[in-house]
Amino acid sequence: MAGESSSFHLLEERIQRFIWSEGWEELRDAQEQAIPLILKGDCDVIISAATAAGKTEAAFLPALTHLLAAGGEGLIVYISPLKALINDQFGRLDRLCEQLEVPVWPWHGDVSASTKTRFLAKRHGVLLITPESLEALLCNRGSSVAAIFKHVTFFVVDELHAFIGSERGKQLQSLMHRIERALNRQVPRVGLSATLGDMKLAGGFLRPGGEPAQVNSESAGSELKVLVKGYEEPLVVQGEKDGNEEDDEPVTPGQIAADLFKVLRGSNNLVFPNSRRQVERYTHLLNKMCEQRKVPNEFWPHHGSLSKEIRTETEAALKQKELPATAICTNTLELGIDIGAVKSVGQIGPPPSVASLRQRLGRSGRRKGEPAILRGYSVEDALGPNANLREKLRLDTLQMAAMISLLVEKWFEPPRVQGLHLSTLVQQLLSSIAQTGGASAGQLYALLCGPGTPFTGLTKQEFIELLRHLGQKELVVQDSSGVLLHGRVGEKFVNHYSFYAAFASEEEFRVVAGGRTLGTLPVDQVLLPGQRILFAGKTWRVDEVDEQQKTIYVTRAKGGVPPAFSGGTGRTHTKVRQRMRDLLDASTELAFLDETAKKLVAEGRDAYVRLNLTTEFAIDQGRELILLTWLGDSANEAIACLLIRRGFVATASGPGVEVVKGDRSTENILDALEDAAVDDTPPLDILLADVKNLAREKWDWSLPEGLLRKAYASLYLDLDEGLAWVREATAARRD
DNA sequence: GACCTGCTGCGGGATG
C-alpha cells in the first residue's frame, strides 16, 4: 500500500496504523480520491460509489485527520436517515476513534438522555444524529446552538439520495443552513450515496447554489446476471366457483414461491414483492413449503408494519453465517443497514423506479469475482374477452423489461430536486421562532428565503401572504414591536414532540357510500367529482370530496368495468415509458426473458400493431378515451389538468391520460386538446382552479391556496413536457 | 394496486 497509494500518507499516523492493523490491503478508489479533497476542510464534496465501497471511511479517514491536525477539539456532525444506520456506524467508528481518543456520540430517539447530556458538556468528537433530533436541538436549545456547534468542521450526510425530493430533505438543508447562520460561517458538507443519477443536481441539493467537488467511483463493472420469468394468471370463469375459498386465490404466487424455494434455498437473498401484503403472502407460502418438506425455515419477512423485534430477527438471520437466510421485504432493506452481502435479488413485478432497482441490486455480487444476480418475476392476467388496454399491451412485463434494459445501460432517474416543499418552510419558520425566541418578518425572510437559502425564489410578497395566512390559522402572532411569535395553535404544535419530523404520518380519507364506510384510502391521487375509483373490488363514482371531514362520498358506477389503467407504483419517468414504447415497436429479442415472458412481450407487440399504436394516440374505449402519450406521470398529470380546466373529467393513468367521454365525442376531446395547444400557457391559479385535494405534505393545510398550488405543481406537474406533447400530437392530427 | 423514515422534557419513584 505504501508504495502505490499517495493518499494513504496524507492520513494521520494513528489512522495509518489502524488501517495496517485491520489488514486492509489497499485504499478503495473512492477513498483515494476523496482523501485529498476532504483533508483540506475548505470545500463541499459529494461521493458517489457503490454500496460497500468504503464511502463512510472515505469521508471519515480524512475528516478525522483534519480534526486531529487542528488539535482534536473539533466536531464532525454525521446525519443519517435511519436510527439503525447510526447504530451500525457507531460500531464501526468507535473502534477507530477509541485509538484516536476522539469520542463518538450517537444521538437519536432511543439514545439515553445521559449520553446526550455528556455530549452537551464536551461538544467535540463525532456526533451521529438524525434530522429530527437535530431539529429538536435547534428548537429547544436555541440560545446554545452557536456554542454547541462552535467547533464543527464537517457535516457528513449519509444516503444523500434518500433525502432528495422529500420534505425531510428540505428540512435537512434548512437545518445545516440555520447552524451555519448561527455560527456566521460556512461548514464544509460531505454527501455520500450509491445512487445519484445526476451529480450536478445532487450537488445543488447538498448546498443550494453550490457546486461541490465530485468523487465518482464507478464500481469495477461487476458482472450482472438477469433472468425474468413470465407467469400467466388464468381467468376466473364466473359460475365455476364451488364455494371453496381456495379457488378464489390466484395461482401464480404459489408457482413463483415454488421457484423461489427451489433456487434460493442454501444461500442468502433478498426478495422484493413491492407491498407489505405481498411480503406476508410470499413469506407464508415459503414457510409452509419448508414445513411440508420438513426442512429448517430459511425465509423471513421484513417491512415497516412489523414490530422492531421481528425485523431485528430477520436482520440477524441474514447477518449470521451458519445458516442460509432469505428476506422477503419492502424497501426497508434498500438502504445501507448492515445485513452482509447477498447472492441474488428477487423482484416480483416491476420495481418502483430504475434507481430503486439499482439500489436493491447493490446488495448482491459485492465480493470480488461474484456476479450480481437479478431474478425478475412478471405476472399478467390471461387475456379474456374483456381484457383492457393495459392487459393487452402486457404493460407490467414491458415495464420490467424497459427498466432492466435501462439499468444495464447504467441509466437511472435523476434526483427530483425541483420540489419547493413549502410545507417544510412553515415548520422551519415555527422552529426558527422557537430557536430565537421571536424574529421579525424581514429577519425570517432573509434567513430562509434569501439568496443561497433552502427556500430561495419565494418573493417577499408571497412571504407576507404566507405570514398573514399563518396568522389567521393562529400559528403565529405579531407583537406590538413587529416581532413574530408562536400563536395559540402554533405553540401547541411546537411543544409536542411530533413537531420535529417534517413528514406526516399516514393520513387517509374515509370512503363512504350511502352512509356506509367502505374503508380508507391514502391521499395520493388527485380526486374530483366525476372520477371513478376502484375500491374493495368494485368501481365507484366520486360524488363529493370533503377535505375538512377527510371523506370521499361515492356511489356505484354503472357497468362495473374497472378503469383501463389503475395507476402504478412510484412515479414513472418519461424515459422508462419511452423505452416501453420502443420495446413494443421493435422486434428485437430480449435475451434475459424466459419463454413465457417472451410470449407475453410478443402478445404486447401484436396488440400494439393491431391497434395501430405506431400512428394512433387516441384510443376509444367506449366510456373513456385514452390518450397514449408514453410520457412520465408528471407530464400526463399536466395534460389531465389542461383537460379538466376545459370541463372534462380526466386522469393521468399509466402511460397515458384517461378522459371520460360523457355526452361528448372523441372529436370534442381532440378539439379541446388543439385549443390547449394554441392557447397561452395557463397560470396555475387557473389550471388548478377545479382540482381538489392538492395537500400532500405535513403543513400543506396551512398554506394559502396560491402557494399550495405552486408547491403541488413543483413536485407533481411537468407542464412544459405535457404541453410539448399536446402541440406535437395535435399538429400531427392537422396534417 | 405501492413503500419508507422520526420524536423532548419533565416529574415521580426506585436504587446505590
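Residue numbers begin at 1 in each chain, while the letters A, B, ... track the order of the sequences.
Going from atom CG of A:Asn331 over to atom P of B:dT5 covers 8 Å, rounded to whole Å. Put simply, CD1 on A:Ile337 is 12 Å from C1' on B:dT5, counting in whole angstrom units. The distance from atom CG of A:Asp158 to atom P of B:dC4 is 20 Å, rounded to the nearest whole Å. One interatomic measurement links the two molecules: CD of A:Gln359 to P of B:dC4, which rounds to 16 Å at whole-angstrom precision. Whole-Å rounding puts the A:Phe499 CZ to B:dG6 P distance at 19 Å. Atom CD of A:Glu280 and atom C1' of B:dC3 are 14 Å apart (whole Å). One atom, NE2 of A:His421, and another, C1' of B:dT5, lie 15 Å apart when rounded to the nearest Å. For the pair A:Arg281 CZ and B:dA2 P, the computed distance is 13 Å after rounding to whole Å.
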A correct 5'-to-3' footprint of nucleotides 8-16 of chain B, with B, S and - meaning base, sugar-phosphate only and no protein heavy atom under 4.0 Å, is BS-------
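When heavy atoms are screened at a 4.0 angstrom cut-off, A:Arg311 is found touching the sugar-phosphate backbone but no base atom. No engagement by A:His496 is indicated, since no non-hydrogen atom pair under 4.0 Å with the nucleic acid exists. Contacts of A:Thr332 with the nucleic acid, taken as non-hydrogen atoms under 4.0 Å apart, involve only primed sugar atoms and P, OP1 or OP2.
Among the nucleotides B:dT5, B:dG6, B:dC3, the one closest to any side-chain atom of A:Thr330 is B:dC3.
Both A:Ser275 and A:Arg168 sit near DNA chain B, but only A:Ser275 has its closest nucleotide nearer the 5' end.
Checked against side-chain hydrogen bond (donor to acceptor under 3.5 Å, both in side chains), A:Thr436 has no partners two or more places apart in sequence or in another chain. Listed by chain and number, the residues in a side-chain hydrogen bond (donor to acceptor under 3.5 Å, both in side chains) with A:Thr574 are A:Glu721 (sequence neighbours excluded). Shown here are the side chain to side chain contact (heavy atoms under 4.5 Å, CB included) partners of A:Asn495, two or more places apart in sequence or in another chain: A:Glu491. Residues satisfying the side-chain hydrogen bond (donor to acceptor under 3.5 Å, both in side chains) test with A:Lys392, not counting sequence neighbours, are none. With sequence neighbours left out, A:Trp107 forms a ring pair (Phe, Tyr, Trp, His ring centres under 6.0 Å) with no residue at all.
When each of A:Trp699, A:Phe499, A:Tyr500 is checked for a ring-ring contact (aromatic ring centres under 6.0 Å, His included) with A:Phe493, only A:Trp699 meets the rule.
Between A:Glu697 and A:Lys170 there is no salt bridge, since no side-chain N of the basic residue sits under 4.0 Å from a carboxylate O of the acidic one.
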